[in-house]
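Here is the structure we will look at.
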Protein chains: 2
Amino acid sequence: MKSQVKRVPNARGEGERLRQEILGAATRILEETGREDALSLRGVAREVGISAPSVYRHFKNKADLVTTVLDVTYRALAVAMSEAGESAAAAGADPWERVRAIVTAYRRFAIDKPRRYRLMFSLEYEPDRPPTTGHPIGTMLQAWTDTTDAYLAEVAPSRRSEAQDLGVHLWTALHGQLVLWHTLPSAAAGNETILIELEESLLRRLLPAPEAPSTAE
Amino acid sequence: MKSQVKRVPNARGEGERLRQEILGAATRILEETGREDALSLRGVAREVGISAPSVYRHFKNKADLVTTVLDVTYRALAVAMSEAGESAAAAGADPWERVRAIVTAYRRFAIDKPRRYRLMFSLEYEPDRPPTTGHPIGTMLQAWTDTTDAYLAEVAPSRRSEAQDLGVHLWTALHGQLVLWHTLPSAAAGNETILIELEESLLRRLLPAPEAPSTAE
DNA sequence: CTCATCGGCTAACACTGTTAGTCTAACTTC
DNA sequence: GAAGTTAGACTAACAGTGTTAGCCGATGAG
């Protein structure tokens, strides 16, 4: 019952396979528990069917494992955002609807993967990583300033210099809303429409309306 | 060297004293490390000069200890905010300056106690606490909606119905800014003026200007 | 055929949260 | 004042943790 099949080792070049399995199991556990210390190397090893020290063949240590999970999550979020923007554009959406689509994708991600989303922003920056890449939060910020810049370029070109500021405002406010929503126990939590209304109210206040006010089509 | 003085027990009714010492040590360690799992009961016990299980006389378990530290921190933040508002009012500040003072107090707190601030919003709600109190984040939100309500009452009474929304926007956006600032490694971090400018830019966009536009003194 | 190396394993260390049970000194009650 | 109770601590122990050291079988290169 303890070691069921004694797991035949992967072939010579196939070590990467186990790495992916470990990553998957760790992701699952982190998403279920939401706390870094609830993830134990022995636990993921048990789930994958290997022994705990074998994890060290593929990850430097536990922190490295967690960091990798979060890096993957960051990338997935960025992809979800850009895909939402592009498919909205392809469907002929106007600039406002395009921003709306990106915001919605962001919210969906944060709500569907709540534990990991929270974890993304609750970890200290680990300085012993390749400093060229920087913290993945930077790419997140970039995605938002790109969004506001594209919006301003089409809708209010004269105010395009505010794109950076607006991107920061948009992202930070949305993130704050989601944190609040995740944390608040009863009232808001579970009621997504509240979030949507808040978003709407925020966007109206933050994003400038089109400059040519009337029939510009 | 191990047990230096064998710490004479507190007198009969003085158990509270040790409780405070434990709380203080835990607060210190949490502020230094910033991670819940870096706080060990044996560690705080060592620092206070008692044995680890003695902590259980005063706290249900480790989570209870951490929660208590954060509750105290929440209260301190709320107090700092209201004090800033009141002392600004006492100094004859106008509504805008009053909001500004509260925002500044909030930022100061978040920057001076960065680890604890981050911890406040990264813990899951623990359901086995007295449910009457709710999550302390609720009081935080209340403080902000009070702030915006007071501002609107004086400056734009016709829009007072928006106070709730504006309070949420203000708080979530500020919180998001601070998270970003804490997380981003090089560029922003350590440069507080960036934060102040962001705040200013946000407040201008969010808070309505006085209704009587001209000479209303 | 040899041999290095990949992909794993076991054993062990130091540490953790938590429980059970014990001791001492002070306070309460008769 | 004697007896009992209890606040305020302690030691011992358990199960589980991250991590390191060292081993072992199979596979591929020379």
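Note: hydrogens, waters and symmetry copies are ignored here, and every other heavy atom, side chains too, is used. Numbers restart at 1 for each chain; the letters A, B, ... are given by sequence-line order, proteins then strands. Predicted, not measured: the structure shown is a model, and the values here were computed from it.
Applying the salt bridge (charged side-chain N to carboxylate O under 4.0 Å, His left out) definition to pairs two or more places apart or across chains, those involving residues 36-46 of chain B are Arg35(B)-Asp37(B).
With sequence neighbours left out, Glu97(A) forms a side chain to side chain donor-acceptor pair (under 3.5 Å) with no residue at all. A search for ring pair (Phe, Tyr, Trp, His ring centres under 6.0 Å) contacts involving His175(A) returns Tyr117(A), Phe121(A), Trp171(A), not counting sequence neighbours. With sequence neighbours left out, Arg107(A) forms a salt bridge (charged side-chain N to carboxylate O under 4.0 Å, His left out) with Glu192(A), Glu199(A). Scored by the side chain to side chain donor-acceptor pair (under 3.5 Å) test, Thr145(A) finds no partners at all (sequence neighbours excluded).
Both cation-pi conditions hold for Lys113(A) and Phe109(A): the charged atom is under 6.0 angstrom from the six-membered ring centre and inside a 45 degree cone around its axis.
A straight line from CD1 of Ile50(A) to P of dG18(D) spans 13 Å, rounded to a whole angstrom. Distance CZ (Phe59(B)) to P (dT18(C)): 13 Å, rounded to an integer number of Å. We find that CG of Asp64(B) is positioned 14 Å from P of dG17(C), with the value rounded to whole Å. Atom CZ in Arg35(B) sits roughly 14 Å away from atom C1' in dT16(C) (whole-Å rounding). Between Leu39(A) atom CG and dT17(D) atom P there is a gap of 10 Å when expressed in whole angstrom units. dC9(C) atom C1' lies 13 Å from atom CG of Leu18(A), rounded to whole Å. Going from atom NZ of Lys60(A) over to atom P of dG18(D) covers 16 Å, rounded to whole Å. Here the C1' atom of nucleotide dG17(C) and the NZ atom of Lys62(B) are 8 Å apart, to the nearest Å.
Nearest-nucleotide assignment on DNA chain D puts the 5′-proximal partner with Ser51(B), out of Arg46(A) and Ser51(B).
Ranking dG8(C), dT18(C), dT19(D) by closeness to the Leu41(B) side chain, first place goes to dT18(C). Of the candidates dT18(C), dC9(C), dG18(D), the closest approach to any side-chain atom of Ser40(A) belongs to dG18(D). Side-chain proximity of Arg57(B) to dT18(C), dT19(D), dG8(D): nearest is dG8(D). Nearest nucleotide to the Tyr56(B) side chain, out of dT18(C), dT17(D), dC10(D): dT18(C).
A close approach under 4.0 Å does not occur between any side-chain nitrogen or oxygen of Ser54(A) and OP1 or OP2 of dG7(C). An OP1 or OP2 oxygen of dA9(D) is reached within less than 4.0 angstrom by a side-chain nitrogen or oxygen of His58(B). Note on Arg19(A): every side-chain N or O is 4.0 Å or more away from OP1 and OP2 of dG8(C).
Counting any heavy atom pair closer than 4.0 Å across all strands shown, Leu65(B) reaches no nucleic acid atom.
Between Trp144(B) and His169(B) there is no side-chain heavy-atom pair separated by less than 4.5 Å.
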Check: protein-nucleotides 13-15 of chain D nitrogen or oxygen pairs below 3.5 Å:
from, atom 1, to, atom 2, distance (Å)
dA13(D), N6, Arg42(B), NH2, 3.4

